Amino acid sequence: MPIQRVTQNMLTGRSVGALQTGLSRLAKLQEQMSTGRILNRPSDSPTDTTSAMRIRSSMADVKQYGRNANDGNGWLGQIDAALTSANDQVLRARDLALQGANSGSIGPTAREALAAEVDQIRGGLIDTANSNYLGRPVFGGVTSGAKAYDPTGTYVGTPGAVNRTVSEGSTIRVDVDGQQAFGPTGDSVFDHLDALSTALRAGDQAGIKASITALAADRDRITTTQTDVGTRQIRVEAAIQAASDSELKLSTSLSNVENADLPKVIVDLQMQQVAYQASLAATAKVLQPSLLDFLR
Amino acid sequence: MSSFAGLNTALSALRYNRVAMDVASGNIANVGTEGYTRRTVQGVAVGAPDQPAMWSRYSGAGDGVQVAGIDRMSDMLLDIRARREHGNQSYLDIRQAVLERVESGIGEPGPSGVAAAIADFRAAWHDLANNPGSDAARSAVLGRAATLADAIKIQARNIESEAGDQRFRITADVAEVNTVASDLAATNRSIAVANLNGTDAGVLLDKRDQLAMRLSELTGSKATLRSDGGFDVSVNGVPLVVGNQAGTLSVATGITPGGASDGNPITYEITDSSGTTAVPSGMLGEIGGVTDLLNTTLPAYTAGLDAIAVQLATEINTQHQAGYDKAGNAGQPFFTYNPANPAGSLTVALTDPAELAASGIPGGGLDASNATAMATATGVEASYQRLINGFGTEVASVTRLAANQQVLTSQVDGSREQLSGVNLDEETVSMLAAQHAYEAASRVLTTLDSVLDTLINRTGVTR
């Protein structure tokens, strides 16, 4: 646009306009500096806003998956410890049964002592089967009660899976059905220990031998369950790792989208400051002189 | 030729230069006056009459100078252009200001918006799935649900109150339009009178231009020049000011006298002596901008928010009713809303934490399959992201348009200023020129005086 005439008002107007432009650029950069973000409102970049919202949502999910998996890990760890202890106790009971079976010469008093210890083991095993994690019996399924087994060794839990969501659409079962680990009611390890104790007291060699076989099968069952639990625990631990990896990756992506590149902002700010000072100086110079300064 | 003709010539020069100095002084006095258009004095040499009487002959060498007129340095085309651009500018400016205000209330992307509330809500369901027996986890779900409902309600309320403010602005703007229009009609009458009796109408014309500009800024109206020097103004083709008659702009539908919305789109009508005419939609200027916001932009966002509230309530309720609460009873609806205003009335229907249907099987156990399903039930996040994306795009586009329009407007204003603005140097120069011309004319007088003195008092006198 060719300028034919320049008036004082034009100079003033343009100076003020240029100062305003400079100031608004400075304000924009100052906002980026002080918030540390280039994305302060949706209109700064609608596309990036959508990305940022998606990433934030994914991050919240991934964090939650990590929490879920950690919780599941607690359950499975508790179950693993309970099964290890149960295994030892059944092994001890089997040793006692072998003692009762081998020694034909063993007296009724000694057998009574053996039987008493078997009863103790049975009581301890029921306690183990009632192990709980944060107040819930880990072998009790979805029961709202505090116990999976009553003192007589009868299953009182509610069969049902306790699942943890460890990633998008993938759940891991973190409980073990008591009847799967300790045998179905009527044929459970507690019934077998009961039978063993009775046989020991009665000196029933055939009964003792049958109990030995049954207890071996019980141990196998417990070991198999423990293997299954171990496999699930590996999955859960992998999920924890994956969740923390994803969280890191997502927070990097979020930072790429949302956060200001500080060195760049600082350099820009410096440049804008120089430009602003220049326009201030120009304004001061250009508004000063008029013809009147040079006439008498 | 008379002996004294030279005296008259010098006198005309004195008069002319006095006027030139007056005009320069007037320009300097008004250098900072808003809407002032610089004047220049047009001089014309007085010489032989165009049609001397028959057989007569003009023997003079010119009879000095006279003022032919005082020109107001304005360009009708530039003025029309400036009014149009200012109308567009205020249309975009008001849209930008309002949309930016609404946008800053959305709080996205960030840790306090609706998106974050949805994520928190889902996390609370996950926690409940982990611990279905815990009353703390249950209360947390209810708390997060209330936060989510509030986050949506706050947005709906923000838009509602912004719309209320803008309806008041329209009322105020319409009142201003009517005041300015009647001022313009009065100015038109004064201009016609001034033109008839031959007085200088410059100040009135400045005022007329300013009033027409203000009307354009308010309504995007068009002004056309009348033969008597005034302006006729029409808003979107409907006459508002005709000569010395001003019509009345009023809101026809959309706003109740109390300033509330009556549910219809906002329309306008102009009443004058010939009756009432509806103004077609598509006004520009500040009123046009606010009207478009209230009729289209804000309702569209509210509708999007309503759709999200309904979707959220429907999805969550369906899944919640598929489960069973702590006592083993079937789940009840989780959210309620008023279908007339879903986003503004979304509330959590449940109050007792035990009523949360975390279980997927009846009978009161600690099954948590429904809580897990609840945690993934909602597809509302994607809809919300689309809504925010759309709104952000709109705000960004308006901001860009307003910035572009600003460049255009200041260019046109610059062109007007080039023509109409006062330059102090220029005025100083013309003042000096007039001063020197005045001094020279005085010297002519002195010289003539001395010549005549010689002729009258000394000629033929002998001692």
Side-chain angles (χ1 to χ4, degrees), chain A residues 1 3-10 12-14 17 37 39-61 63-65 67-68 71-72 134-136 140-144 158 160-165 168-169 171 254 257-258 289-292 295, chain B residues 31-32 38 99-100 103-104 106 108-109 111 113 115-116 118-120 122-123 126-127 129-133 326 359 361 363-369 372 375-376 381 384-386 388-396 399 410-411 413-415 417-419 421-426 428-429 432:
Chain A
M1 186 179 65
I3 297 176
Q4 293 125 9
R5 281 181 80 241
V6 177
T7 70
Q8 267 72 19
N9 271 342
M10 268 166 91
T12 326
R14 285 196 183 167
R37 294 156 53 120
L39 203 58
N40 286 300
R41 56 188 70 76
S43 61
D44 285 343
S45 167
T47 320
D48 283 351
T49 302
T50 313
S51 307
M53 285 165 74
R54 297 192 80 91
I55 294 172
R56 277 173 180 276
S57 161
S58 301
M59 263 177 82
D61 283 348
K63 256 186 212 160
Q64 187 62 43
Y65 294 147
R67 283 161 60 113
N68 294 352
D71 184 74
L134 299 180
R136 288 186 65 186
V142 295
T143 179
S144 55
T158 313
V162 176
N163 291 319
R164 291 290 172 264
T165 312
E168 180 80 43
T171 59
L254 185 65
V257 173
E258 271 190 358
S290 89
L291 184 56
L292 296 169
L295 298 173
Chain B
V31 66
R38 110 186 126 102
L99 289 179
E100 279 183 350
E103 186 190 28
S104 67
I106 289 177
E108 303 288 358
I118 296 176
D120 283 352
R122 296 197 305 145
H126 272 296
D127 282 343
N130 292 347
N131 209 349
K326 202 172 183 182
S359 170
I361 48 176
L366 288 188
D367 179 65
S369 57
T372 307
T376 51
E381 280 175 300
Y384 182 67
Q385 284 159 7
R386 270 198 300 279
I388 293 299
N389 188 326
F391 189 72
T393 311
E394 176 134 20
V395 179
T399 310
S410 53
Q411 251 178 30
D413 282 350
S415 308
E417 179 66 23
Q418 274 182 37
L419 180 67
V422 176
N423 182 326
L424 288 177
D425 298 345
E426 226 173 59
T428 313
V429 167
L432 284 179

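All figures in this text were calculated on a predicted structure; none of them were measured in a lab. Hydrogens, waters and symmetry mates are skipped; everything else that's a heavy atom, side chains included, is used. Every chain is numbered from 1 and lettered A, B, ... according to where its sequence line falls, protein lines coming before strand lines.
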Contact class of [X] relative to chain B, heavy atoms under 4.5 angstrom:
X: A/Ser57; result: both
X: A/Glu258; result: side chain
X: A/Arg56; result: side chain
X: A/Asn9; result: both

Exercise for review: Step by step, work out the side chain to side chain contact (heavy atoms under 4.5 Å, CB included) result for B/Ile361 and A/Val142.
Suggested key: CA-CA 10 Å; B/Ile361 48 176; A/Val142 295; 4.2 Å; yes

Going by heavy atoms in the side chains, are [X] and [Y] under 4.5 Å from each other?
X: B/Asn423; Y: A/Met10; answer: no
X: A/Arg5; Y: B/Arg38; answer: yes
X: B/Asn130; Y: A/Asn68; answer: yes
X: A/Arg67; Y: B/His126; answer: no

At a heavy-atom separation under 4.5 Å, does [X] approach chain A through its side chain, its backbone, both, or neither?
X: B/Thr393; result: both
X: B/Glu426; result: side chain
X: B/Asp127; result: both
X: B/Gln385; result: both
X: B/Ala368; result: neither

Practice item. Please name the pair of heavy atoms, one in B/Gly392 and one in A/Pro46, separated by the smallest distance, quoted to 0.1 Å. Key: C-CG, 3.6 Å

Check your understanding: Can you check side chain to side chain contact (heavy atoms under 4.5 Å, CB included) on B/Asp425 and A/Gln8, steps first, answer last?
Key -> CA-CA 9 Å; B/Asp425 298 345; A/Gln8 267 72 19; 4.0 Å; yes

Exercise for review: Find the one option among B/Ala119, B/Ala396, B/Pro109 whose heavy-atom pairs under 4.5 Å with chain A are most numerous.
Suggested key: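 Heavy-atom pair counts peak at B/Pro109.
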
Exercise for review: Inspect the surroundings of CZ in A/Arg37 and state if more than 12 heavy atoms from other residues, nucleotides or ligands are less than 6.0 Å away.
Suggested key: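 Counting other residues, nucleotides and ligands, CZ of A/Arg37 exceeds 12 neighbours.
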
Revision key, fill the gap. Max heavy-atom pairs within cutoff under 4.5 Å with chain B, candidates A/Asp61, A/Leu39, A/Thr49, goes to A/Asp61

